[in-house]
Amino acid sequence: MELGKLKMIAPREKWKHEASDFTPWLVQHIDELSTALGVELEVENTEVAVGPYSADILAKDIGTNKYVVIENQLEKTNHDHLGKSITYASVLDASTIIWIATNFTEEHQKALDWLNDHTTEELSFYGVQLELWQIEDSKPALRFNIVSKPNQAVRQASKIKSDEDLSDNKKFQFKFWNNFREKLAKTNKIPSLQTPRPQYWFDITLGKSYIHISNTCNTWDNIVGVRIYIGNKIAEEMYPFLYSKKTEIEEKIGIQLSWDPNPDTRDKIIALYHKTDFNNEPKIEEALNWMVDYTIIFREIFSKIIKQKV
């Protein structure tokens with residue numbers, strides 16, 4: 001068997017200039033970066049002015065609705081780009097920095113790791129090495145090689161330590177969402193999942209800002225829920241559109257949903273609830289499996305319909 005030779009080619013051969021070539025390309029292919037990072041990104045703007053300089057890309061993390069600064073560097077990393085990235089993030093109130101470069105020095109990789117381990121979980125730093133590979137004379141293939149990212153094990157341990165004084169109710173919710181996330185991750189159906197927190201809800205993205213799945217764990221009434229949560233910024237336009245698809249949606253899901261149960265609120269909700277017993281382990285397991293199944297169904301159906309509106 002005759003095999004081709006795999007070789008790496010310089011990204012500058014495809015993109016001559018960062019601002020005029022690579023940045024526009026990345027904007028059009030932001031989903032590829034999202035998949036590599038496990039973070040759903042939505043581009044807000046490019047070349048965003050920050051004093052005398054400009055941030056390459058300002059995006060939004062759809063899962064948190066927080067800003068993300070993306071700094072591109074088609075060369076080896078340097079102090080200048082690291083300092084600018086942090087400055088851009090502070091001025092633009094971003095919670096995540098994604099630094100893309102063709103080669104990361106050991107010092108800069110360690111700097112990002114240190115920042116991830118010594119800052120709050122509200123801040124995240126990613127180092128992404130841009131690689132282009134080719135077999136013989138084939139078209140070049142892109143690879144986003146993640147060289148630095150938040151250490152979830154460290155953050156989870158820190159979170160557990162900080163939550164030692166939580167109420168029994170909050171501790172139960174924290175355990176419930178950890179089990180839910182673990183079950184959902186095993187399905188490989190959803191690319192990015194948030195870190196569980198000791199709270200009433202667990203959000204999952206739908207590919208657009210201000211609308212997402214917001215699962216609930218109501219320990220007082222022994223009820224779990226899978227909900228489409230529509231923020232007030234788009235509710236007046238998005239809710240009527242989805243309601244016009246009510247029959248189609250419910251036929252695909254196979255059950256009737258609760259549409260806007262609290263009409264006086266500006267945020268809108270489309271929900272499905274399930275009664276359980278949080279004092280009964282088999283019932284808890286049943287509720288978790290129910291929630292996983294319907295979360296996948298909701299995301300598949302609603303994300304496709306939402307794209308029709310976009």
Side-chain angles (χ1 to χ4, degrees), residues 6-15 17-19 21-23 25-27 29-41 43 48 50 53-61 63-64 66-134 140-159 191-195:
L6 183 65
K7 60 181 179 180
M8 183 183 289
I9 61 176
R12 287 281 187 189
E13 292 185 21
K14 180 173 178 62
W15 303 286
H17 191 269
E18 292 166 8
D21 296 324
F22 181 70
T23 294
W25 180 89
L26 183 58
V27 168
H29 297 81
I30 198 68
D31 288 346
E32 294 185 36
L33 180 60
S34 295
T35 300
L37 295 174
V39 178
E40 285 200 64
L41 300 170
V43 174
V48 180
V50 179
Y53 306 104
S54 59
D56 292 334
I57 297 176
L58 180 65
K60 184 167 283 187
D61 180 340
T64 63
K66 294 182 179 179
Y67 286 118
V68 176
V69 164
I70 303 175
E71 182 69 4
N72 304 321
Q73 189 177 1
L74 296 182
E75 56 190 21
K76 184 169 68 175
T77 56
N78 55 39
H79 294 343
D80 180 62
H81 280 75
L82 175 59
K84 285 179 178 177
S85 297
I86 295 173
T87 302
Y88 298 156
S90 65
V91 174
L92 297 171
D93 194 27
S95 297
T96 299
I97 290 175
I98 301 172
W99 187 8
I100 300 175
T102 56
N103 185 20
F104 275 81
T105 66
E106 182 180 354
E107 293 78 14
H108 291 134
Q109 184 177 339
K110 284 185 176 180
L112 293 179
D113 291 341
W114 183 85
L115 286 166
N116 279 318
D117 291 344
H118 291 82
T119 55
T120 71
E121 63 175 325
E122 300 299 321
L123 298 175
S124 297
F125 301 85
Y126 291 89
V128 182
Q129 185 168 323
L130 176 67
E131 299 175 356
L132 284 180
W133 291 88
Q134 189 177 40
L142 175 92
R143 181 186 182 217
F144 287 123
N145 181 25
I146 314 303
V147 300
S148 181
K149 63 180 181 179
N151 188 322
Q152 295 302 327
V154 171
R155 292 192 170 186
Q156 191 78 340
S158 175
K159 186 69 177 173
S192 60
L193 295 170
Q194 70 175 53
T195 301

| query | Does the salt bridge (Lys or Arg N to Asp or Glu O under 4.0 Å) test come out yes or no for Glu32 and Arg143, once each step is laid out? | reply | CA-CA 9 Å; Glu32 294 185 36; Arg143 181 186 182 217; over 6 Å; no

| said: Does Leu130 form a side chain to side chain contact (heavy atoms under 4.5 Å, CB included) with Phe22? I'd like the steps, not just the answer. | reply: CA-CA 11 Å; Leu130 176 67; Phe22 181 70; 3.7 Å; yes

| task | For side chain to side chain contact (heavy atoms under 4.5 Å, CB included), just list the numbers for Val128 and Leu37, CA-CA rounded to whole Å, side-chain angles, deciding distance to a tenth of an Å, and then say yes or no. | result | CA-CA 9 Å; Val128 182; Leu37 295 174; 3.9 Å; yes

| task | Applying side chain to side chain contact (heavy atoms under 4.5 Å, CB included), run through Ile9 and Trp133 and close with a yes or a no. | result | CA-CA 6 Å; Ile9 61 176; Trp133 291 88; over 6 Å; no

| query | Does the pair Trp25 and Leu142 meet the rule for a side chain to side chain contact (heavy atoms under 4.5 Å, CB included), with working shown? | reply | CA-CA 12 Å; Trp25 180 89; Leu142 175 92; 3.6 Å; yes

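At distances below 3.5 Å, at least one donor-acceptor pair connects side-chain atoms of Asn116 with backbone N or O atoms of Phe125. Tyr88 places a side-chain N or O within 3.5 Å of a backbone atom of Ser54 that can act as its donor or acceptor partner. In terms of modelled atom types and a separation under 3.5 Å, the side chain of Ser85 and the main chain of Glu71 share no donor-acceptor contact. Judged by distance alone, the side chain of Ser34 and the main-chain N or O of Val39 form a donor-acceptor pair under 3.5 Å. Although no hydrogens or angles enter the test, the distance criterion places a donor-acceptor pair under 3.5 Å between the side chain of Thr102 and the main chain of Glu75. With Gln129 contributing its side chain and Val147 its backbone, the two residues share no donor-acceptor pair below 3.5 Å. No donor-acceptor pair closer than 3.5 Å links the side chain of Gln134 to the backbone N or O of Lys7. Side chain of Asn78 to main chain of His81: a donor-acceptor pair is present (N/O by atom type, distance under 3.5 Å, no hydrogens or angles).
In this structure, Lys60 satisfies the cation-pi test against Tyr67, with its NZ or CZ atom closer than 6.0 Å to the six-membered ring centre and inside 45 degrees of the ring normal.
Distance check, rounded to the nearest 0.5 Å: CD of Glu40 to CG of Leu33 gives 12.0 Å. The structure places CZ of Phe144 at 9.5 Å from NE2 of His29, a figure rounded to the nearest 0.5 Å. Leu26 CG to Glu18 CD: the interatomic distance, rounded to the nearest 0.5 Å, is 12.0 Å.
Thr96 is not listed as a side-chain neighbour of Leu123, based on a closest heavy-atom distance of 4.5 Å or more. Looking at heavy atoms from C-beta onward, Leu58 lies out of side-chain contact with Val68 at the 4.5 angstrom threshold. In this structure, Trp15 and Leu132 have side chains that are in contact, with non-hydrogen atoms separated by less than 4.5 Å. At a threshold of 4.5 Å between non-hydrogen side-chain atoms, the residues Trp99 and Ser148 do not count as touching.
Listed here is the closest heavy atom pair of Gly127 and Leu112: CA-CD1, 3.6 Å. Smallest separation of non-hydrogen atoms from Lys76 and Gln73: O-NE2, 2.7 Å. Here the closest heavy-atom approach between residue Ile70 and residue Ile30 is recorded as CD1-CD1, 4.0 Å. Across every non-hydrogen atom of Ser95 and Glu122, the tightest pair is CB-O, 3.3 Å.
When only modelled atom types and interatomic distance are considered, Asp56 and Thr23 share no side-chain donor-acceptor pair under 3.5 Å.
Each of Val69, Val43, Ile100 was checked for a side chain to side chain contact (heavy atoms under 4.5 Å, CB included) with Ile57, and the lone residue meeting it is Val43.
The aromatic rings of His79 and His108 sit perpendicular, their planes meeting at an angle over 60°, well past the 30° parallel limit.
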